[in-house]
Amino acid sequence: MKADNLKALELIDAATFQKDLISWFETEQRDLPWRKDQDPYKVWVSEIMLQQTRVETVIPFFNRFIEWFPTLEDFADAEEERILKAWEGLGYYSRVRNLHSAVQEVRSEYGGQVPDTPAEISKLKGVGPYTAGAILSIAYGKPEPAVDGNVMRVLSRILTIDADIAKPSSRKIFEAAVRELISHENPSSFNQALMELGALICVPGKPACLLCPVRRHCQAFEEGLQNELPVKSSNKKMRNVQIVAAILTDHSGRFLIRKRPNKGLLANLWEFPNFEYNSQLAPKRERFEHDFQEITAVHCDLGIHLTKIDHVFSHLTWNVDAYAGLIQTDIEDEVLASNRLKWVSAEELSEYAFPVSHQKIWKAWTKQG
DNA sequence: TAAGCGTGGGC
DNA sequence: TGCCCAAGCTT
């Protein structure tokens, strides 16, 4: 089918498609913690966590998050350090800062009630077209499309749509299709069923067509095209960044940590002091000691080499050389503050949110003792 | 529009 | 090992 028309929709009977899809969902859906009720706050939290993140990964994070912040009000009141700690290890940390800001807006502008219109909910930070549709349909029963990667994959096969799903402009094609197909009696189950089908049956690679409840509606299956769809252009190569990091201790056994900048990669998370070197040649400890002294006016002695870590992000790789070191001299308070540096004890470390890359460094340190 | 933004699992 | 992926949003 052409990317710019929906003629394939004429070949499908929406009523029986809905019935086949929703009936399957009623019996086969997974038992997930965010499906226990329709609290808009919990639906919202789960949808943000599920962005680009697997269900199995999200489950324990969601359960702990709701224990820590049972209501929208509890989360709105939380300190930033605490919300980052709740998200520690989940990735895409701007999600939780946007969610926090948006929840505070809901409290101040909407009396604590999550808005139930597309215009209002779409204004909230971190709520894009997918999340808006998901909350409106799941929490409020509104017949709005919630088009994620699953829905694009499933519908590209059902309707043999060959638009490149990696292109942002393709999403509106699938939204138009959902608007034609969605059940107005049960938009919640319809949207969730499309995603559940994509996750369990209509998977990337080899879809399990023989188990598919909507096989009789699937134009790709009929034409043997299920392995050719969806069309998805794939991506670019990554940048490598050389890092030298150090776990630095003072005479009383405290650790020096640093808060990352409030924008960009791993914003506002904590880390062990480190420097980036883009040169090809492997950076050495002397380079770190020099740069550290330049910033703090204090000398540090990097002792043993703890570990070498290759940490892969979505768009770059850190090649980290991690050392352990000692600092014998006091660092001025103003110097600490202006560089977002802080001395903390081992017990206090657990109160701060660290990215996984730096957790790996810490793990290497604990093994060395 | 394209790039930036994490992590863990599958093959 | 290296790539692709998984319930996207922001700038």
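Here is how names work: the chains are called A, B, and so on, in the same order as the sequence lines, proteins then strands, and each is numbered from 1.
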Enquirer: Using the C1' atom as the reference point in each nucleotide, state the distance between B/dT1 and C/dA6 in Å, no decimals.
Expert: 23 Å
Enquirer: For A/R260, answer base if it contacts any base atom (sugar-phosphate contacts may also be present), sugar-phosphate if it contacts only those atoms, and nothing otherwise; contact means non-hydrogen atoms under 4.0 Å.
Expert: nothing
Enquirer: Are a donor atom and an acceptor atom from the side chains of A/N186 and A/S183 found within less than 3.5 Å of each other?
Expert: no
Enquirer: Return the value, rounded to whole Å, for the distance between atom CG of A/L197 and atom P of C/dA6.
Expert: 13 Å
Enquirer: Rounding to an integer number of Å, can you tell me how far A/F313 CZ sits from B/dG6 P?
Expert: 7 Å
Enquirer: What is the distance from CZ of A/F61 to P of B/dT7, rounded to the nearest Å?
Expert: 10 Å
Enquirer: Any base atoms under 4.0 Å from A/V55, or only sugar-phosphate, or nothing? Heavy atoms, all strands.
Expert: base
Enquirer: Both A/L124 and A/S46 contact DNA chain C. Taking the nearest nucleotide for each, which residue is further toward the 5' end?
Expert: A/S46
Enquirer: May I ask you to evaluate whether A/Y93 reaches the phosphate of B/dT7, defined as a side-chain N or O under 4.0 Å from OP1 or OP2?
Expert: yes
Enquirer: In whole angstroms, how far is the P atom of B/dG4 from the OH atom of A/Y92?
Expert: 12 Å
Enquirer: Classify the angle between the aromatic ring planes of A/W318 and A/F313 as parallel (below 30°), tilted (30 to 60°) or perpendicular (above 60°).
Expert: perpendicular
Enquirer: Give A/V127 one of three labels, base, sugar-phosphate or nothing, depending on what nucleic acid heavy atoms sit under 4.0 Å from its own.
Expert: sugar-phosphate
Enquirer: May I have the distance from A/N262 (atom CG) to C/dT11 (atom P), rounded to whole angstrom?
Expert: 13 Å
Enquirer: When the distance from NE2 of A/H311 to P of B/dG9 is rounded to whole Å, what number comes out?
Expert: 13 Å
Enquirer: Out of C/dC5, C/dT10, C/dG8, which has the shortest distance to the side chain of A/N98?
Expert: C/dT10
Enquirer: Check the phosphate of C/dC4 against A/S234, side-chain N and O only, distance under 4.0 Å to OP1 or OP2. Yes or no?
Expert: yes
Enquirer: Rounded to whole angstrom units, what separation is found between the CE atom of A/M238 and the C1' atom of B/dT7?
Expert: 13 Å
Enquirer: How is A/L269 classified with respect to the nucleic acid when contacts are heavy atoms under 4.0 Å: base, sugar-phosphate, or nothing?
Expert: nothing
Enquirer: Looking at A/W270, I'd like to know if the NZ or CZ of A/R258 sits under 6.0 Å from its six-membered ring centre while staying within 45 degrees of the ring's axis.
Expert: no
Enquirer: Using a heavy-atom cut-off of 4.0 Å across all strands, would you classify A/G264 as base, sugar-phosphate, or nothing?
Expert: sugar-phosphate
Enquirer: Take atom C1' in C/dC5 and the same atom in B/dG6, then report the distance between them in whole Å.
Expert: 13 Å
Enquirer: Under the ring pair (Phe, Tyr, Trp, His ring centres under 6.0 Å) definition, can you give me all pairs with a residue in residues 214-245 of chain A, not counting sequence neighbours?
Expert: A/F17-A/H217
Enquirer: Can you see if the side chain of A/H315 gets near the phosphate of B/dC5 - specifically, an N or O under 4.0 Å from OP1 or OP2?
Expert: yes
Enquirer: Counting heavy atoms from C-beta on, name the nucleotide in B/dG6, C/dG8, C/dC5 closest to the side chain of A/T53.
Expert: B/dG6
Enquirer: Assign A/G198 to base, sugar-phosphate, or nothing according to its heavy-atom contacts below 4.0 angstrom with the strands shown.
Expert: nothing
Enquirer: Report yes if at least one side-chain N or O of A/S357 is closer than 4.0 Å to OP1 or OP2 of B/dG6; otherwise report no.
Expert: no
Enquirer: Which is true for A/L90 with a 4.0 Å heavy-atom rule: it touches a base, it touches only sugar-phosphate, or it touches nothing?
Expert: base
Enquirer: Can you find a donor-acceptor N/O pair under 3.5 angstrom joining the side chain of A/R95 to the base of B/dC5?
Expert: no
Enquirer: Indicate if A/W44 and A/Y92 have the same hydrophobic cluster label, given that clusters are the connected sets of ILVMFWY residues with side-chain heavy-atom separations under 4.5 angstrom.
Expert: no
Enquirer: A/P355 has a side chain; which of B/dG6, C/dC5, B/dT7 sits nearest to it?
Expert: B/dT7
Enquirer: Of the candidate nucleotides B/dG6, C/dC5, C/dG8, which contains the atom at the shortest distance from the side chain of A/L265?
Expert: B/dG6
Enquirer: Report yes if at least one side-chain N or O of A/R153 is closer than 4.0 Å to OP1 or OP2 of C/dA6; otherwise report no.
Expert: yes
Enquirer: Write down the distance between CG (A/L99) and P (C/dG8), rounded to a whole number of angstrom.
Expert: 16 Å
Enquirer: Nearest to the side chain of A/S169, heavy atoms from C-beta on, is which of B/dG8, B/dG6, B/dT1?
Expert: B/dT1
Enquirer: Determine, step by step, whether A/Y93 and A/N268 satisfy the side chain to side chain contact (heavy atoms under 4.5 Å, CB included) criterion, reporting the C-alpha distance in whole Å, the side-chain angles of both residues, the deciding distance to 0.1 Å, and the verdict.
Expert: CA-CA 9 Å; A/Y93 299 94; A/N268 281 357; over 6 Å; no
Enquirer: Using a distance-only test with no angle check, is there a side-chain donor-acceptor pair under 3.5 angstrom linking A/T160 and A/E223?
Expert: no
Enquirer: Nearest of C/dG8, B/dT7, B/dT1 to any side-chain atom of A/P168?
Expert: B/dT1
Enquirer: Select from A/Q52 and A/E56 the residue whose nearest nucleotide in DNA chain B is closer to the 5' end of that strand.
Expert: A/Q52
